[in-house]
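Atom set for the values below is all heavy atoms of this structure, side chains included, hydrogens, waters and symmetry mates excluded.
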Amino acid sequence: MKALGRSYSLIVAEKNKVAKAIANVLMGRYKTLRLLGIPVYVGKGLVVTGVSGHVLNLDFMGYEEWRRDTLEELFNAKVGYKVRKGGWKYVKLIGQLARNARALYLALDNDVEGEHIGWEVLGIARRSNPRIRAYRMRFSSLDPREIRHAFEHPTDLNMNWVEKSATRQEVDLRSGVIFTRLLTLSLRRRLKIPRGRIISYGPCQSPTLRLIVEPYLRWRAGEKYKYELTLMLEHPLYGSFKFTKSYGSLEEAEEAKERCLKAKVAEVVKVRTWREERKPPYPLDAYELASRAARFLKLPSRRTMAVAEDLYRGGFISYPRTETQVYRGVNLKGVLRRLMEHYDSRIREAAKRLLEGPLRPREGKSDDRAHPPIYPVRAARKGELSREHLRVYDLVVRHFIATLLPPARIRRKRADIVIGGLKLEATGLKVEELGYLRIYHFEMPKEGDVPLSEGDKLYLREAKVRKVKIKPRYLSEGELIKLMRAKGIGTDSTMHEHIQTNVDRGYAMRVKGKLVPTPLGVTLIDSILKVVPDLVDVNLRSNMEKEFSLVGEGKLRKEDVVGKIMKVYQEAYYKLSDNLNWVIEEVASAFKAGKVRADTGGKRD
């Protein structure tokens, strides 16, 4: 440790890449040491290093053994922080580096979880150096100007945020462990299954699974077939037009077909044309990034957020785990000037045009007060990013520019057609002014003309009825993320993890862009809904998050909120216990049918 000197300021970041970026900005030239296998950057009276997320995990003090007779005790059992797996080297390093440090700068992510990690680091440091002065660096990108400002104008650790994170962790720990052990231990009594396999419950994971399963349950309760009447009409000048109408019964469809065959000729009774604006998107937050990448790029949300984290740590985009849709504190013209160095001439041209006039961004209402929306920090050079990283970066760049451009203007046309009393519609549209669509091609609508005029006649060439199987309308990942946001399930940094957990556990599968529940996932949700629906209530987490937020504002105490929520879970525990044999029989049947798998998983959501 002699290479560090006798007195210095210690800066701890959340990841090594961020630590290295801070070292580049604040030191320029520095020595790189490897202590306990961890990079440490030294120079100009500074020592900079990074951890790897949380150093400590909340856990029960005891109760490592899974036993049915101790489950109820876990509602009130003592919990405490333990060094996470792989975390001891960070504990030792921080302790060693803090010993001779005069000040500690906590450069963790500027959000609730980052605040808690900062608290963990500070606690470890003060065990070695009780008098060390602590400062909080807050930044939303690795832009050198922002890093310098954060270092020169530090704040204090926000203990209300720390308590908010701790409250959420305790609720998730207790509820996840209790119900996962209850379901798994009960299933093991009924079936011989490998000990590594579990039936997991999580306060976010399980309501998310309910959203995935609900399309199937609606389909199961409804009709399985419909009858489609297809008509082929021909215009003397404009050719063929195809129309399809759906009916609940064969009789209705056949009756409509007969009326059309008898009439033989259709008439255009009304034509309407109107114009509308298609507004640009709101600034990009984590939910929209994950949702739009799933929709436009066909990327799973978990992968999207991992790539976005890489882009942030590489200095290409701002911090991606944000819920803000307001460009508070963002120098928009500065971002555009940097985009003038983009390798794509279309991006450069769009930035140049915007710089020539006043900027009027379209902004939303959501603001987490911690970070701005996601925006490009610097222009990528050609060949600098992998194909996958480039696609996400390109979405961020185009989305940012789109929010600064005017709306698109679209002309729509609809022709109302009648044959044999049956009303049909022919619709089309044309983009008259591209506006933001000039750069944001992802939302370009399919154009098509309707050349028909009022009074035109179309002649029936074909009419046929066919029986069509109705399939469940499963959710795409983008649709699921929007629903999760609306219901308050998960946070900007965890929603993708809850989706992936359900896939990893064998409760759902990704099939052609849709999230399809497995028989195990359906059985689990269906049986719980019948005996204790509160346990998978999609509004349950939203109500919890409101309480967590009040803790984060210093208006409620952690102990009171945890106690209140655990009373709700305790009532659910008793209801489930009363009907547990039936629930386990249902789940066991799914296992015995050989149609499902249950992967090894952890005990938390």
Side-chain angles (χ1 to χ4, degrees), residues 12 14 53-59 75-76 78-81 103-126 130 132-140 149-150 153-175 203-204 285-287 319 321-326 328-329 364-373 485 487-495 539-569 605:
V12 179
E14 195 158 322
H54 285 280
V55 182
L56 308 176
N57 275 340
L58 187 68
D59 208 345
F75 283 103
N76 299 295
K78 186 178 179 181
V79 296
Y81 285 95
L104 170 63
Y105 286 82
L106 301 165
L108 295 308
D109 292 345
N110 187 27
D111 57 17
V112 169
E113 290 307 307
E115 213 71 9
H116 198 281
I117 298 169
W119 172 80
E120 296 167 23
V121 170
L122 177 57
I124 295 165
R126 282 197 167 148
I132 195 168
R133 299 195 307 275
Y135 302 98
R136 182 69 162 99
M137 287 176 63
R138 299 188 186 278
F139 50 91
S140 295
H149 184 272
H153 301 86
T155 65
D156 295 324
L157 201 63
N158 185 336
M159 288 308 298
N160 288 332
W161 279 16
V162 174
E163 286 290 279
K164 177 181 178 179
S165 175
T167 306
R168 184 186 283 137
Q169 287 179 33
E170 186 168 342
V171 167
D172 290 355
L173 170 69
R174 292 186 188 277
S175 58
C204 288
D285 62 16
Y287 294 99
Y319 187 66
R321 296 202 300 261
T322 174
E323 297 181 28
T324 299
Q325 295 181 326
V326 180
R328 176 178 34 79
K365 295 180 180 179
S366 179
D367 188 353
D368 63 15
R369 310 303 299 176
H371 295 284
R485 182 177 197 173
K487 300 293 184 182
I489 301 172
T491 66
D492 53 5
S493 58
T494 62
M495 77 272 179
N539 296 309
L540 178 64
R541 188 60 175 203
S542 177
N543 295 331
M544 288 187 205
E545 288 293 341
K546 290 173 185 174
E547 303 270 294
F548 299 158
S549 293
L550 291 173
V551 174
E553 295 168 16
K555 295 177 181 177
L556 289 178
R557 294 172 64 247
K558 182 191 82 167
E559 293 76 15
D560 295 337
V561 170
V562 172
K564 178 181 175 182
I565 292 173
M566 294 320 296
K567 282 182 181 177
V568 174
Y569 274 117
D605 189 18

Side chain [X], main chain [Y], donor-acceptor under 3.5 Å:
{"X": "E120", "Y": "V55", "answer": "yes"}
{"X": "T494", "Y": "T491", "answer": "yes"}
{"X": "D109", "Y": "D111", "answer": "no"}
{"X": "S366", "Y": "E323", "answer": "yes"}
{"X": "T322", "Y": "P372", "answer": "yes"}
{"X": "D368", "Y": "H371", "answer": "yes"}
{"X": "N110", "Y": "A370", "answer": "yes"}

Side chains of [X] and [Y]: closer than 4.5 Å at any heavy-atom pair?
{"X": "N539", "Y": "K487", "result": "yes"}
{"X": "H116", "Y": "H54", "result": "yes"}
{"X": "V171", "Y": "V562", "result": "yes"}
{"X": "M544", "Y": "S175", "result": "no"}
{"X": "Y569", "Y": "L540", "result": "yes"}
{"X": "M159", "Y": "W119", "result": "yes"}
{"X": "R136", "Y": "L108", "result": "yes"}
{"X": "D492", "Y": "Y287", "result": "yes"}

Residues E115, R138: salt bridge by 4.0 Å N-O rule: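 Yes, charged N to carboxylate O under 4.0 Å.
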
Salt bridge K164-E553, side-chain N to carboxylate O under 4.0 Å: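 Looking at K164 and E553, the cut-off is not met.
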
Please report the interatomic distance [atom1]([X]) to [atom2]([Y]), rounded to the nearest 0.5 Å.
{"X": "I117", "Y": "E113", "atom1": "CD1", "atom2": "CD", "result": "6.5 Å"}
{"X": "L157", "Y": "Y135", "atom1": "CG", "atom2": "OH", "result": "14.0 Å"}
{"X": "R321", "Y": "S140", "atom1": "CZ", "atom2": "OG", "result": "12.0 Å"}
{"X": "E559", "Y": "K564", "atom1": "CD", "atom2": "NZ", "result": "15.0 Å"}
{"X": "L556", "Y": "K546", "atom1": "CG", "atom2": "NZ", "result": "13.5 Å"}
{"X": "M137", "Y": "L104", "atom1": "CE", "atom2": "CG", "result": "11.0 Å"}

Worked check of salt bridge (charged side-chain N to carboxylate O under 4.0 Å, His left out) between E545 and R168: CA-CA 8 Å; E545 288 293 341; R168 184 186 283 137; 2.9 Å; yes

For the student: nearest non-hydrogen atoms of [X] and [Y], plus distance:
{"X": "L122", "Y": "A134", "result": "CD1-CB, 3.6 Å"}
{"X": "Y81", "Y": "A166", "result": "OH-CB, 3.7 Å"}
{"X": "V112", "Y": "S165", "result": "CG1-CB, 3.5 Å"}
{"X": "V326", "Y": "P373", "result": "O-CD, 3.0 Å"}
{"X": "A107", "Y": "F139", "result": "O-CZ, 3.6 Å"}

Evaluation steps, side-chain contact (heavy atoms from CB on, under 4.5 Å), between R485 and D285: CA-CA 12 Å; R485 182 177 197 173; D285 62 16; 2.6 Å; yes

Chi angles and distances behind the side-chain contact (heavy atoms from CB on, under 4.5 Å) call for F548, R541: CA-CA 10 Å; F548 299 158; R541 188 60 175 203; 3.9 Å; yes

